Amino acid sequence: MPSLTAHLLHLDESALKAATQHPFLEAAATKSLETERLQAWLAQDRLYALAYTNFMGALLAKVPIPTGSDRETSLEGRAADLFIDCLVNIRTESKMFEETADAEGWLDDICNAQPNRHTRAYQDLFAGAAAPQKPLIVGLTVLWATEECYLRAWKHAKSKMDLSLKAKDKDVMQRTFIPNWTSPEFEAFVRKIGALVNKFGSERSAEDGWEWEECETAWRQVLWLEESFWPSIKTDKKVTFE
């Protein structure tokens with residue numbers, strides 16, 4: 001029986017590639033990103049992070065936290081601890097967005113932005129995945145899907161960077177954002193989420209059951225949203241995905 005995450009990763013490989021190898025990422029890695037595009041992405045990603053905070057809070061509220069001696073090793077206990085870790089991490093990330101924007105002189109522009117249709121779609125997806133009638137595995141899958149896509153996207157960006165650049169020659173993307181989402185710590189965190197998704201997928205749901213189908217639908221929604229979320233890039237050359 002394949003793990004749930006392996007099953008999802010092979011479900012639509014072309015959509016996964018489109019979501020994680022967008023032209024925006026190459027532009028971000030090569031200092032060819034227009035400032036207005038960078039600001040647009042940063043503003044919406046900050047709003048996404050705030051919605052993610054509410055999402056984690058809603059998922060945490062769904063978990064019946066065990067009180068026995070096996071609390072930390074039970075699936076519910078591990079899920080609760082994971083959501084708390086996510087809340088701590090996203091608070092740090094939100095501060096990073098605002099501190100970076102402040103240092104670049106963009107803070108008012110970033111904080112005054114309103115969610116675009118893609119960010120609103122993410123807000124709706126989070127709300128739906130954390131709804132009381134949804135099984136916890138669906139919310140976990142959405143969480144993992146967003147983080148897995150982000151890890152893959154920024155690793156793709158890093159592969160396009162000139163790694164010989166000195167610190168003084170790097171822009172904010174190369175200096176701050178790309179290293180943040182390609183760090184060993186972030187990758188280990190994504191793998192931790194995936195492992196828990198697989199545990200729930202194997203022990204609390206059937207491979208051919210309706211819960212796996214719900215997770216497939218959620219995965220496809222995330223892939224579509226991830227591709228759509230990246231700002232469009234103006235270019236005179238034909239862009240290909242390698």
Side-chain angles (χ1 to χ4, degrees), residues 1-22 48-49 51-66 73-87 89-90 118-153 155 181 186-230:
M1 175 180 175
S3 69
L4 178 54
T5 60
H7 169 70
L8 295 175
L9 287 169
H10 291 94
L11 198 61
D12 191 341
E13 294 183 18
S14 62
L16 176 60
K17 190 173 184 179
T20 58
Q21 297 187 20
H22 192 277
Y48 165 93
Y52 179 107
T53 302
N54 289 333
F55 179 41
M56 289 304 99
L59 289 182
L60 181 59
K62 286 167 64 76
V63 181
I65 299 177
T73 57
S74 68
L75 284 183
E76 285 75 16
R78 289 171 60 187
D81 287 346
L82 176 68
F83 299 147
I84 292 168
D85 288 343
C86 288
L87 284 167
N89 291 345
I90 202 65
H118 304 302
T119 304
R120 289 195 297 271
Y122 249 127
Q123 291 169 342
D124 292 342
L125 175 62
F126 286 159
Q133 71 274 16
K134 288 286 185 180
L136 188 60
I137 184 64
V138 175
L140 274 169
T141 296
V142 170
L143 169 61
W144 166 77
T146 60
E147 302 290 25
E148 178 70 27
C149 286
Y150 231 50
L151 174 64
R152 287 172 178 254
K155 287 179 75 172
W181 290 301
F186 180 58
E187 182 159 6
F189 185 65
V190 176
R191 299 293 167 251
K192 180 179 178 180
I193 300 171
L196 192 57
V197 169
N198 290 333
K199 270 291 189 181
F200 270 89
S202 63
E203 296 186 15
R204 301 296 171 84
S205 57
E207 180 183 352
D208 58 351
W210 68 272
E211 291 184 351
W212 273 51
E213 291 181 0
E214 289 264 343
C215 292
E216 290 177 355
T217 298
W219 170 249
R220 292 183 188 278
Q221 287 177 303
V222 170
L223 293 183
W224 179 82
L225 278 171
E226 284 294 311
E227 181 184 4
S228 303
F229 195 84
W230 303 113

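Just so it is clear, the structure is predicted and the values come from calculations on it, not from any experiment.
For Trp181, the side chain to side chain donor-acceptor pair (under 3.5 Å) partners two or more places apart in sequence, or in a different chain, are Glu93. Residues meeting the side chain to side chain donor-acceptor pair (under 3.5 Å) test with Thr119, sequence neighbours left out: Gln44, Asn116. Remark: Phe55 pairs with Phe126 by the ring pair (Phe, Tyr, Trp, His ring centres under 6.0 Å) rule, at least two apart or across chains.
At least one side-chain heavy atom of Phe189 sits less than 4.5 Å from a side-chain heavy atom of Leu82. Considering only heavy atoms from C-beta on, Leu75 comes within 4.5 Å of Glu203 through its side chain. No side-chain heavy atom of Glu148 sits less than 4.5 Å from a side-chain heavy atom of Thr5. Within the 4.5 Å cutoff, no side-chain heavy atoms of Leu11 are placed close to those of Leu223. Residues Val63 and Leu59 form no side-chain contact, since every pair of their non-hydrogen atoms from C-beta on lies 4.5 Å or further apart.
Closest approach of Glu187 to Leu151, counting heavy atoms only: CG-CD2, 3.7 Å. The heavy-atom pair separating Val138 from Ala218 by the smallest distance is CG1-CB, 4.4 Å. Between Val197 and Leu140 the shortest heavy-atom distance is CG2-O, 3.6 Å. The two residues Cys215 and Leu8 come nearest to each other via the heavy atoms O-CD2, 4.0 Å. When all heavy atoms are compared, the tightest approach of Leu196 to Ala79 is CD2-CA, 3.6 Å. Scanning both residues, Arg78 and Lys199, for their nearest heavy atoms gives NH1-CG, 4.0 Å.
Interatomic distance, Phe229 CZ to Thr146 OG1, rounded to the nearest 0.5 Å: 11.0 Å. For the atom pair Phe186 CZ and Asn89 CG, the distance stands at 9.0 Å (nearest 0.5 Å). Going from atom CG of Leu4 over to atom CD of Glu211 covers 10.5 Å, rounded to the nearest 0.5 Å. From Ile193, atom CD1 reaches atom CG of Asn198 across 12.0 Å, with rounding to the nearest 0.5 Å. Considering CD1 of Ile65 and CZ of Phe83, their distance stands at 10.5 Å, rounded to 0.5 Å. Atom-to-atom distance recorded for Ser3:OG and Leu9:CG is 8.0 Å, nearest 0.5 angstrom.
Salt bridge status for Glu147 with Arg152: absent, with no side-chain N to carboxylate O gap under 4.0 Å. Salt bridge absent: Glu216 and Arg220 never bring a charged side-chain N and a carboxylate O closer than 4.0 Å.
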Dump the intermediate steps for side-chain contact (heavy atoms from CB on, under 4.5 Å) on Leu16 and Glu226, then the final yes or no. CA-CA 9 Å; Leu16 176 60; Glu226 284 294 311; over 6 Å; no
side-chain contact (heavy atoms from CB on, under 4.5 Å) assessment of Ile137 paired with Trp212: CA-CA 9 Å; Ile137 184 64; Trp212 273 51; over 6 Å; no
What do the steps show when you test Tyr122 against Gln221 for side-chain hydrogen bond (donor to acceptor under 3.5 Å, both in side chains), and what is the final call? CA-CA 9 Å; Tyr122 249 127; Gln221 287 177 303; over 6 Å; no
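In this structure, the side chain of Lys62 engages the main chain of Ala131 through a donor-acceptor pair within 3.5 Å.
Between Trp144 and Trp219, the ring centre distance stays below 6.0 Å.
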